[in-house]
Amino acid sequence: MREIVNLFSERESRDELGIGQVRDALSDILFPGTSTLLTRARYMLLIPWCFLAAARPGLSPDSIAQRVDANERNLIVALKAESDGDGLLGKSAGTALKNLPSSIYWVALRQYGILTQPTMSQADASAAGLGPVREQDVDEILPGAWSLTLPGLPDGFPHNTGGGFDLKNAEAGWLRERMLEGSEGSLLSHLLDHRPERDSGAPWLDPAVSELPADTHDSLTHARLFSFAMHGAALLYNLLLAEAYEEGGFDRVNGAVDRYQEQLATWRERQEVLAPDLASWDRDDFWATILTRNQRATSSRVFIDRWLDGIISDAAVDPATDSHLRYLIQRREQQHKGSQSRLRNTRLLQTWQGASGAGQLVFRWPQVRGILTDLHDGLERTDA
């Protein structure tokens, strides 16, 4: 059954070579509070409203939690009617959606201070009810779950969202302040004041990053060079897969060897342009930055450093034919994937669809760019 699912799935593992902890650390540094699952900015208002609309005096936390669940599912129906469905969580599954928006956005709600306490779980938020209340016989005000400045929910919510995914000017202004508070010193903080282009392919390619504070510039440089360098590793890995696939006599994917040889040749041309940047890259600072965010990233450091040494120390090396680099990639995939290694497991190799993590890392940029576009669109509106 797994093989059948793999055969028809369009999504491949994004961490075939075990560099995910470094990738995620850089993503968190650049864009704190984000994930690859975020879609639209207004969810950061819609979700708190689902909780507030569910709370009633005297209801138990379990009853409130059930009402929150119902509100989130009704929200799917309302958003489908009030928007074009772009970014709608549950667009296909409808009210049967398994992972509701609150579970996807909870980290963002914590990071940006939309929740009053960053340690609050969804159960805590349900138990907090309508907001600040005085516990019986205790001279203490218990905090509610949500920021006291949260914009008011629309009449008839969740059956009426008051605009679908379009942020009103006041809503966008409020959300911008929350996000600024939770992303100080990051690239995200800079972009809250400098609108990115709607279709830029990576954060370092966007004109909005032309003037950055020194620390933010250094973080983006680390991300840019790491992305380029590891793209070469990903392309070589896929070339090895393509060669093994053809040697195994499989023919559902055609022309993959030539395609990856051409892509590696293009990568090498770009490598020549970036050779001065790669040679002067402060990798000690790079690793200090990563390990400050995630100490567990040391597990992939040996492989990454060996790959970087291989492509930087000799700019003329051709990854497509270099036996040392080919062995390095093959060994890393087998160490990281174990029995799930496509280079060892013929059954998994047979289900290969022509690309396994072959894209260049952009550190959640499509999702972040979409959230920022929503926010800047709202800030530019003239409504209240």
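Residue indices begin at 1 and follow the sequence shown.
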Margin query: Quick one: does any side-chain atom of Asn74 pair with a main-chain N or O of Pro158 as donor and acceptor, under 3.5 Å?
Written below: no
Margin query: Are the side chains of Leu30 and Val368 in contact, using a 4.5 Å heavy-atom criterion?
Written below: no
Check: Can you list every salt bridge (charged side-chain N to carboxylate O under 4.0 Å, His left out) pair that touches residues 235-251, not counting sequence neighbours?
Finding: Glu243-Arg326
Margin query: Tell me if a side-chain donor or acceptor on Asn294 pairs with a main-chain N or O of Ala25 at a distance below 3.5 Å.
Written below: no
Next item on the list: Tell me, please, which residues at least two apart from Asp374 pass salt bridge (Lys or Arg N to Asp or Glu O under 4.0 Å).
Entry: Arg40
Note to self: Suppose the criterion is side chain to side chain donor-acceptor pair (under 3.5 Å): which pairs have a residue in residues 297-306, not counting sequence neighbours?
What the structure shows: Gln21-Ser299, Arg283-Asp305, Trp287-Asp305, Arg301-Asp305
Next item on the list: Would you check if there is a donor-acceptor pair between the side chains of Thr221 and Asp218 at a distance under 3.5 Å?
Entry: no
Next item on the list: Taking atom types as modelled, find out whether Asp285 and His222 have a side-chain donor-acceptor pair closer than 3.5 angstrom.
Entry: yes
Margin query: Tell me if a side-chain donor or acceptor on His159 pairs with a main-chain N or O of Val77 at a distance below 3.5 Å.
Written below: no
Item checked: Non-hydrogen side-chain atoms of Cys50 and Leu75 separated by less than 4.5 Å -> yes
Checklist line | Close side-chain approach of Pro32 to Leu188, heavy-atom, < 4.5 Å | finding: yes
Margin query: Is a donor from one side chain sitting under 3.5 angstrom from an acceptor on the other, for Trp365 and Ser200?
Written below: yes
Note to self: side chain to side chain contact (heavy atoms under 4.5 Å, CB included) for Leu264 and Gln261? Distances and angles first, verdict last.
What the structure shows: CA-CA 5 Å; Leu264 270 170; Gln261 285 177 340; 5.9 Å; no
Note to self: Gln122: which residues meet the side-chain hydrogen bond (donor to acceptor under 3.5 Å, both in side chains) condition with it, sequence neighbours left out?
What the structure shows: Ser102
Margin query: Closer than 3.5 angstrom, by distance alone: can the side chain of Arg252 be matched with the main-chain N or O of Trp352 as a donor-acceptor pair?
Written below: yes
Next item on the list: Keeping to residues at least two apart or across chains, list the ring-ring contact (aromatic ring centres under 6.0 Å, His included) pairs with something in residues 68-108.
Entry: Tyr43-Tyr105, Phe51-Trp106, Trp106-Trp146
Next item on the list: Give a yes-or-no answer on whether the side chains of Ser63 and Ser60 include a donor-acceptor pair shorter than 3.5 Å.
Entry: yes
Item checked: For Arg198, salt bridge (Lys or Arg N to Asp or Glu O under 4.0 Å) partners two or more places apart -> Asp377
Checklist line | Check: Leu150 and Leu52 side chains under 4.5 Å, non-hydrogen atoms | finding: yes
Note to self: A side-chain contact here means heavy atoms from C-beta on lying under 4.5 Å apart; do Thr266 and Arg270 qualify?
What the structure shows: no
Margin query: Can you confirm whether or not the ring centre of Phe363 sits under 6.0 Å from the ring centre of Phe31?
Written below: no
Check: For Asp322, which residues count as a side-chain hydrogen bond (donor to acceptor under 3.5 Å, both in side chains) partner, sequence neighbours excluded?
Finding: none
Next item on the list: Please list, chain by chain and in numerical order, all residues satisfying salt bridge (Lys or Arg N to Asp or Glu O under 4.0 Å) with Arg67, sequence neighbours excluded.
Entry: none
Notebook entry, point to check: Tell me the side chain to side chain donor-acceptor pair (under 3.5 Å) pairs involving residues 75-88, sequence neighbours left out?
Noted result: Glu82-Thr161
Next item on the list: Look at atom NE2 of His324 and say whether more than 12 heavy atoms of other residues, nucleotides or ligands are closer to it than 6.0 Å.
Entry: yes
Check: Within the distance-only criterion (no hydrogens, no angle test), does the side chain of Arg42 pair as donor or acceptor with the backbone N or O of Gly164 below 3.5 angstrom?
Finding: yes
Check: Can you name the residues that form a side-chain hydrogen bond (donor to acceptor under 3.5 Å, both in side chains) with Thr149, not counting sequence neighbours?
Finding: Ser147, Trp174
Check: More than 12 heavy atoms of other residues, nucleotides or ligands under 6.0 Å from CZ of Arg381: is that the case?
Finding: yes
Checklist line | Validation row: Leu343, Leu349 side chains within 4.5 angstrom (heavy atoms) | finding: no
Item checked: salt bridge (Lys or Arg N to Asp or Glu O under 4.0 Å) against Arg224, all qualifying residues, sequence neighbours excluded -> Asp277
Next item on the list: Ignoring hydrogens and angles, tell me if any N or O in the side chain of Trp49 forms a donor-acceptor pair with the backbone of Met44 under 3.5 Å.
Entry: no
Notebook entry, point to check: Looking only at side chains, do Arg364 and Thr36 share a donor and an acceptor under 3.5 Å apart?
Noted result: no
Notebook entry, point to check: Is there a donor-acceptor pair under 3.5 Å between the side chain of Arg195 and the backbone N or O of Leu192?
Noted result: no
Notebook entry, point to check: So, does Asn238 use its side chain to make a donor-acceptor pair with the main chain of Ala234 at under 3.5 Å?
Noted result: yes
Notebook entry, point to check: Ignoring hydrogens and geometry, is there a side-chain-to-backbone donor-acceptor pair from Asp15 to Gly20 under 3.5 Å?
Noted result: yes
Note to self: Any non-hydrogen side-chain atom of Pro203 less than 4.5 Å from a side-chain atom of Leu220?
What the structure shows: yes
Check: Which residues pass the side-chain hydrogen bond (donor to acceptor under 3.5 Å, both in side chains) test with Arg259, sequence neighbours left out?
Finding: none
Note to self: Would you say the ring centers of Trp267 and Phe228 fall short of 6.0 Å from each other?
What the structure shows: yes
Item checked: Donor-acceptor contact present, side-chain Gln263 to main-chain Tyr260, <3.5 Å -> no
Note to self: A side-chain contact here means heavy atoms from C-beta on lying under 4.5 Å apart; do Leu325 and Asp318 qualify?
What the structure shows: no
Checklist line | Residues Ser341 and Glu333: side-chain donor-acceptor under 3.5 angstrom | finding: yes
